[in-house]
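Count residues from 1 along the sequence. For ligands, and for the atoms within them, numbers begin at 1 and follow the listed sequence.
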Amino acid sequence: MNGIFYFSGTGNSLWLAKKVKESLGGEIRYIPNRNSDISAYDKLIIVCPVYSFGLPLPVFDFMKELNSDAPLWIVMNYGGAAGKAASFAYNHAKSCGLNIKNVYTMKMPENFTAVFSTPLIKPYNKGLLKKAPKAIGKIIASIERNEEKAFPSDSPEKHKLYNENKSNWGKMGERFSTSSACTLCGKCVNNCPAENIAIKDGKVIFGNNCVVCQACYHRCPSKAVQYLGKPNKMPYFNPNVPEKEMGTDIVS
Ligand SMILES: Cc1cc2nc3c(=O)[nH]c(=O)nc-3n(C[C@H](O)[C@H](O)[C@H](O)COP(=O)(O)O)c2cc1C
């Protein structure tokens, strides 16, 4: 059976994971839940976003703990440019002793808009979402054919940005805050995969263990979560996936 492991802040990777399951079958597991028996799977597929031309921290760490010799495929999605993300992921998998077969990258709507102002315009995203089924379809067909591709390792210099950013992500949590629109509904607390958000004395507190997934920022029902005090005018969540499925395992 296929084990499809995803990490996602704004639904793009969950949507892709569901497409993989639809075509190839298997069980979908949310990586931060850490509740599956890996030995139940004979093929592993990780689906996640590109972060700083590399891997999100929860995925990076999951791969270090993933003690399995089952063949592994990685499907990454990015908002602007993937850079060396595929070779980074491939070689990280190798260094973790995993049986990595291939890594794919494809474009989806950008969600790092708290930091970078990108063309988060509705028609642009609509176009990307329209092309996405074809792009993931090609990747699924390649996985189905068990296609393999080796990525030579890069010099550490090529991944300097990733390593620098990765060590700063935790602290970025403290740059988030809530505006007066906050109703203390607790959704940001529940959606945070790093347990980095709490409500204390009637205030939302952001800690320094952030994994920068943007779930709190984009999925606040009152648009109250801000980055560096700047309001979030255009929250994004993949419109083709039910938000209530985020963070869940889909096994049936
Ligand atoms: C911390 C962070 C870093 C990112 N780095 C990159 C990057 O290096 N290149 C890129 O094209 N997109 C980058 N993105 C955008 C995401 O990869 C992209 O929007 C992805 O589709 C989000 O997937 P999700 O909805 O499953 O969370 C980054 C997003 C975040 C939150």
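Between E245 and K18 there is a salt bridge, since at least one side-chain N of the basic residue sits less than 4.0 Å from a carboxylate O of the acidic one. Salt bridge status for E144 with K43: absent, with no side-chain N to carboxylate O gap under 4.0 Å. Under the 4.0 Å criterion applied to side-chain N and carboxylate O atoms, K21 and E27 are not assigned as salt-bridge partners.
Contacts between A81 and ligand 1 below 4.0 angstrom, taking non-hydrogen atoms only, involve the backbone exclusively. Counting heavy atoms under 4.0 Å from ligand 1, residue P109 touches it through the backbone alone. At a heavy-atom cutoff of 4.0 Å, ligand 1 is contacted by the side chain of M108 but not by its backbone.
Atom 18 (C) of ligand 1 has G79 N, 3.7 Å as its closest protein atom, hydrogens excluded (heavy atom only). Taking atom 27 (O) of ligand 1 as the reference point, the nearest protein heavy-atom neighbour is G9 N, 2.8 Å. With hydrogens left out, the protein atom closest to atom 8 (O) of ligand 1 is F53 N, 2.9 Å, a heavy atom. Looking only at protein heavy atoms, the nearest one to atom 16 (C) of ligand 1 is N111 OD1, 3.5 Å. Scanning all protein heavy atoms for the shortest distance to atom 15 (C) of ligand 1 gives E110 OE2, 3.2 Å. Considering only non-hydrogen protein atoms, atom 25 (O) of ligand 1 sits nearest to T10 OG1, 2.5 Å.
Any N or O atom pair closer than 3.5 Å counts here, and S8 shares at least one such pair with ligand 1. Between N77 and ligand 1, at least one N/O pair is under 3.5 Å apart. When only interatomic distances are considered, the shortest N/O to N/O separation between C213 and ligand 1 does not fall below 3.5 Å. Considering backbone and side-chain atoms together, W169 places no N or O closer than 3.5 Å to any N or O of ligand 1.
Closest heavy-atom contact between G26 and M1: CA-CG, 3.9 Å. Heavy atoms only, all atoms of each residue included: Y217 and V225 are closest at CD1-O, 3.5 Å.
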**Asked** What do the steps show when you test E110 against N125 for side chain to side chain contact (heavy atoms under 4.5 Å, CB included), and what is the final call?
**Response** CA-CA 8 Å; E110 174 67 56; N125 280 351; 5.9 Å; no
**Message:** Between H218 and F237, is the ring pair (Phe, Tyr, Trp, His ring centres under 6.0 Å) condition met? List the steps.
**Reply:** CA-CA 7 Å; H218 286 293; F237 189 80; 9.3 Å; no
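Two rings, from Y104 and W73, have their centers 6.0 Å or more apart. For W169 and Y162, the ring centers sit closer than 6.0 Å to each other. Ring centroids of F5 and F62 are separated by less than 6.0 Å, placing the two rings close together. Taking the six-membered ring wherever Trp is involved, the centroid distance between the rings of H92 and F60 falls below 6.0 Å.
Short contacts between ligand 1 and N12, defined as distances under 4.0 Å to a heavy atom of the residue, involve ligand atoms 20 (C), 21 (O), 22 (C), 23 (O), 24 (P), 25 (O), 26 (O). Each of the atoms 25 (O) of ligand 1 lies under 4.0 Å from some heavy atom of G11. Contact atoms of ligand 1 toward P49: 17 (O), 20 (C), 22 (C), 23 (O), 27 (O) (distance under 4.0 Å to a heavy atom of the residue). Near G80, meaning under 4.0 Å from one of its heavy atoms, ligand 1 places the atoms 10 (C), 11 (O), 12 (N). For ligand 1, the atoms lying closer than 4.0 Å to a non-hydrogen atom of S52 are 3 (C), 4 (C), 5 (N), 6 (C), 7 (C), 8 (O). Counting the atoms of ligand 1 from 1 in the order shown, those under 4.0 Å from a heavy atom of V212 are 1 (C), 31 (C).
Counting only heavy atoms from C-beta outward, the side chains of T105 and Y78 approach each other to under 4.5 Å.
Heavy atoms of V50 come nearer than 4.0 angstrom to ligand 1 in at least one pair.
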